[in-house]
Amino acid sequence: MTGSRTKVEIRGVNKKFITDTGEVDALQQIDLDIRDGELVCLLGPSGCGKSTLLNIVGGFLPPTSGTVSIDGQVVTKPDSRRIFVFQERGVFPWLTVEGNVAFGLHSLSRAEREARIQHYVKLVGLSGFENAYPHELSGGMKQRLEVARAFAVNPDVLYLDEPFGALDSITRLVMRGELLRLWQAEKKTILFVTHDIDESVQLADRVVVMSARPGRIRRIVDIDIPHPRDFSSRRYIELRDGIFEEIGLAHRI
Amino acid sequence: MLRRLISALAPFGAILLLLAAWHLAVVSNPGTLIPSPFRVAAGINELFHRGLLIKYIVASLFRVTWGYALAVLIAVPAGIVLGMSSRLEASFNPMIQIARPISALAWIPIAILWFGVGDLSAIFLIFLASFFPMLVTAINAVHNIDPIYLDAGRNFGLAGRELVVRIVFPAAVPQLIAGLRITLGVSGLVVVAAEMIAVTSGLGFLIVDSRNAGDRYDLVIGGMVMIGVIGLLLDRLIRQLERLDSVKWGYSGQ
């Protein structure tokens, strides 16, 4: 699945925020390489800077020091080859499902555009809703729409910031399956922010465990279980419990 | 079914109640100059047959349309530009805040000085009265756009004019429509005052002229009623915009 070529190179990234009470170290000395086609989860408690890191990698926020390079080029601003998927709040409510999916496809020929719309609307299971507006859709459908809009422009890299956080636990599980299916079909590099340990072990090739104040990388865990993953297998539980311990949590309450 | 019928008829019931109270008050005060609703209706009818009713309504609507449309066409783009640039906004904001509380009516002497007695003066006053509320609404509408939409737009490679056309404007439209409604109400207030002073036609002129030409209070109140009815109809017209599928999302909370 994963190529050996480095896609995203994060070198010595620091981020300080100035607040009323002084400077806050949101990120301290982050070094991370992500390979082409790899699915990496950034995992940590809220306030550990994982979303900040994703915004820096996405070009929405400049680092205080350090660099992020993608394919050898330093990132300074957002780029349409790399799409950021917000929680479902990112779909444009003034456009239909079709209009949203077509949003990044203006430069294509009409035929090509129609083909892509149809392909991705179907891929995320929204066929029949092409002319519906987001306010007529459920949260899970809006989330799938945003993923379809991102995939439709055929980006190399996807950034997902707790994309399923607002969904109920059943829809969330279904969406994880859909994401894996899309990822395997389209071979994108995916950087996925979550605070859900199970989610990270179910999805990722590698889980980057972060700690808060200052936000640092604590440990990187290789998830060496092939897909589809059995949540009750010994290896799964071993890896999950390892991360629980790493974060300093008991896995029973 | 019955309940829906009752709630549909209730506003008419309230109006009937008001008319009845008005009628009773007039009847029980012989010698009052205030006419009964029947006399007002007869007055409106008389205006209609003299050909004045339609003429005055058209005259007033003409002025409102020009003043209001010019204000909207300038204030919305200006508000979007100011709303997107904090530097421009900081430069212009003090000036806007000083000009805004000055009632458009305070400009009447200057309007007459510049444009004389006539349509242009009235249009200018309506323009002034509509411009500032619309400008401030447009600036705020841009400020209130969820930054996620702007980030998502930039992520798809949009900047400058394209970002405005494809993200900022459609995201601001629901609030702009609310601004259109408020502003139209303001322009309706000002047209009456402007017509009392700066022109010799229109519903505002009708009101002041009927009073001066022999205490025709039936026509004074007739003019007031027509202004109210026209205001209601225009508001209804603008509210139709809220039903567009591409703006419905902005009103889901209401």
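Atom set for the values below is all heavy atoms of this structure, side chains included, hydrogens, waters and symmetry mates excluded. Order of the sequence lines sets the chain letters (A, B, ...), proteins ahead of strands, with each chain counted from 1. Being a predicted model, the structure only gives us computed values, none of them experimental.
Heavy-atom minimum distance, B:I148 versus A:R89: CD1-NH2, 3.1 Å. Taking every heavy atom of both residues into account, B:A152 and A:G90 meet most closely at CB-O, 4.5 Å. The two residues B:G157 and A:S80 make their nearest non-hydrogen contact at N-CB, 4.2 Å.
Atom CG in B:D245 sits 6.5 Å away from atom CD in A:E136 (nearest 0.5 Å). Atoms CZ and CG, from B:F156 and A:D79 in turn, are 12.0 Å apart once rounded to the nearest 0.5 Å. Taken to the nearest 0.5 Å, the NE2 atom of A:H106 stands 8.5 Å off from the CG atom of B:L158. Remark: B:L244 CG to A:Y133 OH distance equals 8.5 Å, nearest 0.5 Å.
The number of heavy atoms from other shown groups lying within 6.0 Å of CE (B:M84) is above 12. When the shell of 6.0 Å around CD1 of A:I170 is examined, it contains 12 or fewer heavy atoms from other residues, nucleotides or ligands. Sparse packing is recorded around CZ of B:R100, with 12 or fewer heavy atoms of other residues, nucleotides or ligands lying under 6.0 Å away. Within 6.0 Å of atom CD in A:Q118, 12 or fewer heavy atoms from other residues, nucleotides or ligands are found, so the atom counts as exposed in its surroundings. Residue B:Q240 qualifies as enclosed at atom CD: its count of foreign heavy atoms under 6.0 Å is above 12. Counting non-hydrogen atoms of neighbouring residues, nucleotides and ligands closer than 6.0 angstrom, the CZ atom of B:F115 exceeds 12 such neighbours.
Judged purely by atom type and a 3.5 angstrom limit, B:N155 has no side-chain atom pairing as donor or acceptor with the backbone of A:P78.
A cation-pi arrangement, defined by a distance under 6.0 Å to the six-membered ring centre and an angle within 45 degrees of its axis, is absent between B:R154 and A:F60.
Of all the listed residues (B:P174, B:G153, B:P170), the one sharing the greatest number of non-hydrogen pairs under 4.5 Å with chain A is B:P170.
Heavy atoms of A:R81 lying under 4.5 Å from chain B are absent altogether.
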Review point. Could you walk me through whether A:F92 and B:R166 pass the side-chain contact (heavy atoms from CB on, under 4.5 Å) check?
Key: CA-CA 10 Å; A:F92 300 130; B:R166 297 189 64 197; over 6 Å; no
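Under the 30°/60° scheme for interplanar angles, the aromatic rings of B:Y149 and A:W94 are found to stand perpendicular.
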